[in-house]
Amino acid sequence: MSTAEPSLIRRREGAVGHLTMNRPRALNALDLAMIDGFAEAIGAWREDPAVRLVLLEGAGEKAFCAGGDVRQVRSDVLAGDTAAVEAFFSREYAVNSGIATFPKPWISLIDGICMGGGLGVSVHGSHRVVTEHALLAMPETAIALFPDVGTSYVLPRLPGSPGMGLWIALTGARLKGAEAVEAGLATHFVPRAKLPALRQALLEKGEAGVVDEFAEAPPPGRVTALRPAIERCFGAGDRAAIEAALEAEGTDWAREQLATLRRVSPTSVAVTIELLRRGAAQDLPACLEQELILTRTITQHPDFAEGVRAVLVDKDQSPRWQPVGDLRRLFGD
Ligand code: QUE
């Protein structure tokens, strides 16, 4: 493999620390080298008075960042290399924490797919700029993981949660840019056509206030219209109550959510409901610590290797799930 271009490009341009995730053929999914690049950049720029803000982008047309390199994690799990699994998640979550405590504006330009780990490197920052081509999701229940990268802290705090956060986490709902603003995951909407000018203005002026000048009111999306139903159904309580509320709803939307809920890993559904319940009452460091404990147990559950196989390796979309394990053991209680 060529090593000519790093998977995370890092350069300082005037007062801006500029980062580009650069694995476009893998939709900029985070590997360990990128994660270590983030850690180095955060460490170098945190106290550097020459850097006034950080600008983060994804290379290529399609993606900001599709998540973590979960195919590699699956290989490590199947090889019994628990040290590699631990290194990946612990260093990724340290980066999420470093962004949350970063003392200057951290501005993400999200102009494509942004899932899982992609939210982890953006949502803890001050500015999440989305375009009409942005697509945000936490799809982990489909691969028998759970909403991680600090989203167990973020999702229970979205307006309208627990329903809003649980809807996003349980169903992996794909939110377009405008919908991500409606849900509270994104902060600013800027049309793709204006991104080059926004980038140039940020690099020239080195001031985060530039974002406000480019931002527009997002066009109406589904989230505002669905919000009452989302809060009614996904705020209902445990899995049985959520299913009962969706059945009572009687709409096509509710039937689709029910079908999704029954297709994803049942262990992930149970873990996600409990994780967000706990996350609502914990600070970010405690949430990340709980998530790290869960990675150690849940990646050893057969559903994880099976889920990644079905969605990302064989792509047959037909995972064979095992029964839910002991929740308390998964949480390390
Ligand atoms: C759930 C996930 C991920 C996912 C799909 C899910 C994830 C992830 C990717 C992904 C997608 C395309 C790639 C790639 C990774 O997909 O975390 O390398 O090219 O990274 O349903 O959690």
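Counting starts at 1 for both ligands and their atoms, following the listed order. None of these values were measured; they are calculated from a predicted model.
- Geometrically, Arg278 engages Phe331 in a cation-pi contact defined by less than 6.0 Å to the ring centre and at most 45° from the axis.
- By the side chain to side chain donor-acceptor pair (under 3.5 Å) test, Glu86 is found to be paired with Arg296, residues two or more places apart in sequence or in another chain being considered.
- Screening Arg10, Glu57, Arg12 for a side-chain hydrogen bond (donor to acceptor under 3.5 Å, both in side chains) involving His18 leaves a single residue, Glu57.
- Grouping the Ile, Leu, Val, Met, Phe, Trp and Tyr side chains by contacts below 4.5 angstrom, directly or via other members, places Leu294 with Tyr93.
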| said: Show, in sequence, the C-alpha distance, side-chain angles and deciding distance for Glu243 and Arg262, and conclude whether the salt bridge (charged side-chain N to carboxylate O under 4.0 Å, His left out) test is met. | reply: CA-CA 9 Å; Glu243 290 201 11; Arg262 288 171 179 166; 2.9 Å; yes
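- Within 4.0 Å of ligand 1, contacts by protein heavy atoms are made from Ala26, Leu27, Ala29, Ala66, Gly67, Gly68, Val70, Arg71, Met115, Pro139, Glu140, Ala142, Ile143, Val311, Leu312.
- The environment of CD in Glu61 is sparse: at most 12 heavy-atom neighbours from other residues, nucleotides or ligands sit within 6.0 Å.
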